[in-house]
Amino acid sequence: MALRFYNTLSQQVETFSPARDNIVRMYTCGPTVYDYAHIGNFRTFTFVDLLRRWLRTNGFGLDHVMNITDVDDKIIRNAVAQRKSLAEYTAVYTEAFRKDCATLRLEEPERLVPATGHIDDMVEAIERLSASHHTYSSEGSVYYRISSFPGYGKLSHNDFSGNLAGARVDVDEYEKADARDFALWKAPKEGEPFWETALGPGRPGWHIECSVMAIKYLGETLDIHAGGIDLIFPHHENEIAQSEALTGQPFARFWLHAEFLMVEGQKMSKSLGNYFTLRDILERGHSPEAIRYLLASVPYRKSLNFTFDGLKSAKTAIDRLRNFKLRLETDRYPEGQSEELAARTAQACKGFTESLNDDLNTAEALGAVFEYVRDANSAMDAGTFRAGNAAAALELLALFDSVFAVLQPAASQGTSDAGVDALVAERTAAKKAKNFARADEIRDQLLAQGIILEDTKSGVRWKRKSP
RNA sequence: GGCGCGGUAGCCAAGUGGUAAGGCAAAGGUCUGCAAAACCUUUAUUCGUCGGUUCGAUCCCGACCCGCGCCUCCA
């Protein structure tokens with residue numbers, strides 16, 4: 001079956017292919033760099049990474065833009081409090097974000113673009129919106145007039161056509177004609193940084209950066225726009241209103257949204273003490289691979305309960321796959337090929353692919369891999385696994401890891417591989433000579449360095465203990 | 001109140017109108033000089049509750065209960 005995604009816009013699963021060139025033009029909402037990103041943010045970014053990787057496996061090229069929101073109320077507040085410039089303040093968290101992404105093996109998008117690098121583009125877009133009567137000004141700020149856009153509400157499936165009974169009024173400190181209108185340009189308040197522009201002094205509202213940067217780099221209609229589910233309203237709804245008013249074209253063909261992450265069954269919040277950054281979790285001794293696996297293993301449209309038990313379980317699951325890979329690479333098998341096993345390998349590959357094609361059903365895809373691992377291990381035990389079956393098995397693992405990216409352990413330290421090999425050889429010789437004392441001494445010595453020896457039928461092999 | 005998501009074994013979780021994938025944990029076993037590691041086996045007559053449709057429902061329909069999200073900044 002072809003690749004298909006659930007589209008928030010149509011509320012249906014639809015077959016996906018890019019509109020032109022076999023290149024997927026994709027825009028995803030990035031971080032607001034006012035602090036370190038938390039594990040909930042990374043749930044969404046991990047989803048985006050899986051999406052990137054799986055699109056590529058489907059043979060598509062990628063042109064993916066992600067924004068860095070480096071100007072907003074919180075950033076201004078914090079920067080002013082610390083007597084830093086905006087750029088000075090946001091540089092720290094932008095860099096931290098990139099580093100955290102690298103730690104989680106999240107690929108960097110083709111373009112990672114900062115809002116503040118596009119002020120002129122935004123001003124120009126706002127002027128065009130004004131020229132077509134989609135805006136009004138009030139006290140130095142410019143607002144988007146929602147009543148000027150008939151399709152408003154089509155993404156979040158809210159009906160705004162009637163009166164706005166029950167709607168909150170005047171939630172902003174700025175003056176708006178209608179509660180649902182939103183700021184395109186904000187006049188500066190006392191002591192706030194601002195840009196001097198044709199619109200007057202001020203700074204851009206939140207939503208306009210995404211419309212402007214997406215259209216600038218990817219064109220009037222995106223193939224995919226993705227982000228967290230909480231962005232559907234108002235952020236993405238507002239992006240549509242701005243973009244479609246500007247271009248007259250549909251802004252994005254597919255809208256994909258990742259569900260929320262909970263921590264230990266509760267909403268993550270600072271007051272509950274369950275608010276974790278990536279750094280917090282790494283400090284507790286968990287590996288980036290385990291975190292990545294846990295975030296990836298629950299399909300993106302289902303809320304994910306992040307627990308430390310789950311993290312341990314993820315680590316053990318990865319170990320199982322790594323052990324299987326090690327066994328494949330080190331054991332020796334009789335010549336020839338088992339047709340039955342070859343068929344199972346092919347079936348596992350197919351199952352894995354079909355599952356991910358089905359709106360990135362990662363849980364089901366993992367099922368296909370683990371089922372195969374059990375069957376192959378059994379065949380190895382029974383002696384029916386043949387040398388000719390190893391290559392296809394390794395290919396399945398490679399396919400798996402091209403998406404999940406957890407098999408390769410993080411760079412290790414300590415004794416070099418060659419050094420370990422030498423000690424292992426010495427122990428084998430000692431065992432042969434029945435010098436068990438020396439053999440055990442070496443085993444303990446290596447164990448102290450986190451190296452685990454496995455005595456198997458076809459000889460000894462070793463691995464580094466994973467954190 | 002409006003819109004949306006979910007309730008499947010101790011935990012995480014897939015799934016289909018025809019009788020429950022997978023992972024972790026637990027218990028048993030294999031291997032071994034002893035160990036460790038690894039591997040294998042077993043583990044839900046049952047899928048929130050109550051009705052309905054059907055030869056048959058966890059999967060379809062209705063009602064209800066519970067949890068979560070958005071509606072205001074938010075991944």
Side-chain angles (χ1 to χ4, degrees), chain A residues 8 11 28-32 34 37-48 69 72-74 153 156-160 162 164-172 179-180 182 206 226-235 237 257-262 265-269 293-294 297-307 309-321 323-324 326-327 331 351 355 358 361-374 376-378 380-382 431 434-436 439-440 443-444 447 452-457 460-463 465:
Chain A
T8 306
Q11 298 182 295
T28 62
C29 288
T32 300
Y34 75 96
H38 59 66
I39 192 65
N41 296 314
F42 285 114
R43 199 273 163 106
T44 298
F45 297 134
T46 301
F47 149 64
V48 168
T69 300
D72 90 320
D73 291 346
K74 275 185 229 160
S156 56
H157 303 99
N158 281 315
D159 181 8
F160 296 109
L164 297 175
R168 300 249 201 129
V169 180
D170 197 13
V171 294
D172 207 299
R180 303 279 167 174
F182 58 91
W206 174 33
I229 194 165
D230 52 325
L231 295 183
I232 293 174
F233 190 88
H235 184 53
E237 198 73 75
H257 292 99
E259 256 290 351
F260 243 66
L261 173 143
M262 314 265 288
Q266 290 185 296
K267 183 176 178 177
M268 180 164 56
S269 77
Y293 183 98
L294 179 56
S297 61
V298 177
Y300 77 93
R301 286 209 294 129
K302 187 150 176 166
S303 67
L304 187 158
N305 188 14
F306 187 92
T307 66
D309 267 1
L311 223 37
K312 264 198 292 192
S313 151
K315 179 232 178 260
T316 313
I318 295 170
D319 280 346
R320 179 165 165 81
L321 296 171
N323 287 330
F324 177 64
L326 185 66
R327 190 175 187 187
D331 272 10
S355 298
D358 182 12
N361 190 339
T362 49
E364 193 175 69
L366 286 171
V369 172
F370 279 104
E371 212 170 335
Y372 174 74
V373 169
R374 193 227 304 126
N377 270 323
S378 294
M380 288 171 177
D381 289 348
K431 268 177 68 175
K434 300 248 191 277
N435 183 357
F436 295 122
D440 289 353
R443 184 168 73 193
D444 292 344
L447 184 61
I452 297 167
L453 298 187
E454 295 184 19
D455 290 323
T456 73
K457 272 182 199 151
V460 65
R461 64 172 172 241
W462 63 271
K463 64 182 180 185
K465 202 161 144 187

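Chain identifiers are assigned alphabetically (A, B, ...) following the order of the sequence lines, protein sequences preceding nucleic acid strands; residue numbering begins at 1 within each chain. For clarity, every value in this text was computed on a predicted model and none was experimentally measured.
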The side chain of [X] lies closest to which of these nucleotides: [options]?
{"X": "A:D230", "options": "B:G23, B:C70, B:A13", "value": "B:C70"}
{"X": "A:H157", "options": "B:C71, B:C3, B:A37", "value": "B:C3"}
{"X": "A:K267", "options": "B:A14, B:C70, B:C24", "value": "B:C70"}
{"X": "A:N323", "options": "B:G69, B:C39, B:C71", "value": "B:C39"}
{"X": "A:L261", "options": "B:A75, B:C40, B:A14", "value": "B:A75"}
{"X": "A:R461", "options": "B:G23, B:A38, B:A37", "value": "B:A38"}
{"X": "A:H38", "options": "B:A75, B:U41, B:C39", "value": "B:A75"}
{"X": "A:F436", "options": "B:G33, B:A38, B:A75", "value": "B:G33"}
{"X": "A:P299", "options": "B:A37, B:A14, B:C70", "value": "B:A14"}
{"X": "A:R320", "options": "B:C70, B:G23, B:A75", "value": "B:G23"}

Select base, sugar-phosphate, or nothing to describe what [X] touches, counting heavy atoms under 4.0 Å on all strands.
{"X": "A:K463", "value": "sugar-phosphate"}
{"X": "A:G227", "value": "sugar-phosphate"}
{"X": "A:G367", "value": "base"}
{"X": "A:A363", "value": "base"}
{"X": "A:F370", "value": "sugar-phosphate"}

Using the [atom1] atoms only, state how far [M] lies from [N], rounded to an integer number of Å.
{"N": "B:A63", "M": "B:C71", "atom1": "P", "answer": "27 Å"}
{"N": "B:A38", "M": "B:U46", "atom1": "C1'", "answer": "33 Å"}
{"N": "B:G7", "M": "B:G48", "atom1": "P", "answer": "8 Å"}
{"N": "B:A9", "M": "B:U49", "atom1": "P", "answer": "10 Å"}
{"N": "B:U53", "M": "B:G62", "atom1": "C1'", "answer": "11 Å"}
{"N": "B:C3", "M": "B:U72", "atom1": "C1'", "answer": "16 Å"}
{"N": "B:G23", "M": "B:A13", "atom1": "C1'", "answer": "8 Å"}
{"N": "B:C24", "M": "B:U43", "atom1": "C1'", "answer": "13 Å"}

Searching all strands shown, indicate the nucleotide that pairs with [N] (Watson-Crick or G-U wobble; both distances under 3.5 Å).
{"N": "B:U19", "answer": "none"}
{"N": "B:C68", "answer": "B:G4"}
{"N": "B:U43", "answer": "none"}
{"N": "B:G51", "answer": "B:C61"}
{"N": "B:G10", "answer": "B:C24"}
{"N": "B:U30", "answer": "B:A38"}

message = Counting only heavy atoms from other residues, nucleotides and ligands, does the tally under 6.0 Å from NZ of A:K312 exceed 12?
response =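 No - once you tally the heavy atoms of other residues, nucleotides and ligands closer than 6.0 Å, there are 12 at most.
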message = With nearest nucleotide decided by heavy atoms, which residue, A:K74 or A:V298, maps closer to the 5′ end of RNA chain B?
response =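 The 5'-side residue here is A:V298.
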query = Pick the nucleotide of RNA chain B nearest each of A:S378 and A:E364; which residue has the one closer to the 5' end?
reply =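 The 5'-side residue here is A:E364.
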Determine whether any donor atom in the side chain of [X] lies under 3.5 Å from an acceptor atom in the base of [N], or the reverse, and answer yes or no.
{"X": "A:R443", "N": "B:A36", "answer": "no"}
{"X": "A:D440", "N": "B:G33", "answer": "yes"}
{"X": "A:D455", "N": "B:A38", "answer": "no"}

To the nearest Å, how far apart are [X] [atom1] and [N] [atom2]?
{"X": "A:K302", "N": "B:A14", "atom1": "NZ", "atom2": "C1'", "value": "8 Å"}
{"X": "A:D381", "N": "B:U41", "atom1": "CG", "atom2": "P", "value": "9 Å"}
{"X": "A:Y372", "N": "B:C40", "atom1": "OH", "atom2": "P", "value": "13 Å"}
{"X": "A:E454", "N": "B:C39", "atom1": "CD", "atom2": "C1'", "value": "10 Å"}
{"X": "A:L453", "N": "B:A37", "atom1": "CG", "atom2": "P", "value": "12 Å"}
{"X": "A:L231", "N": "B:C70", "atom1": "CG", "atom2": "P", "value": "11 Å"}
{"X": "A:K457", "N": "B:U30", "atom1": "NZ", "atom2": "C1'", "value": "8 Å"}
{"X": "A:I232", "N": "B:C5", "atom1": "CD1", "atom2": "C1'", "value": "10 Å"}

Answer yes or no: is there a side-chain heavy-atom contact under 4.5 Å between [X] and [Y]?
{"X": "A:D440", "Y": "A:R443", "value": "yes"}
{"X": "A:P31", "Y": "A:N41", "value": "no"}
{"X": "A:T362", "Y": "A:F47", "value": "no"}

Could you tell me whether a side-chain N or O of [X] sits under 3.5 Å from a main-chain N or O of [Y], the two making a donor and an acceptor?
{"X": "A:S313", "Y": "A:D309", "result": "no"}
{"X": "A:R43", "Y": "A:E259", "result": "yes"}
{"X": "A:N305", "Y": "A:G265", "result": "yes"}

query = Where is the tightest heavy-atom contact between A:L304 and A:L294, given as atom of each residue plus distance?
reply =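 Closest approach of A:L304 to A:L294: CD1-O, 3.6 Å.
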query = What residue among A:K457, A:R374, A:R327 forms salt bridge (Lys or Arg N to Asp or Glu O under 4.0 Å) with A:D381?
reply =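 Of the listed options, the one satisfying the test is A:R327.
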ask   = Any side-chain N or O of A:N361 under 4.0 Å from OP1/OP2 of B:A21?
value =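 For B:A21, OP1/OP2 do not have a side-chain N/O of A:N361 under 4.0 Å.
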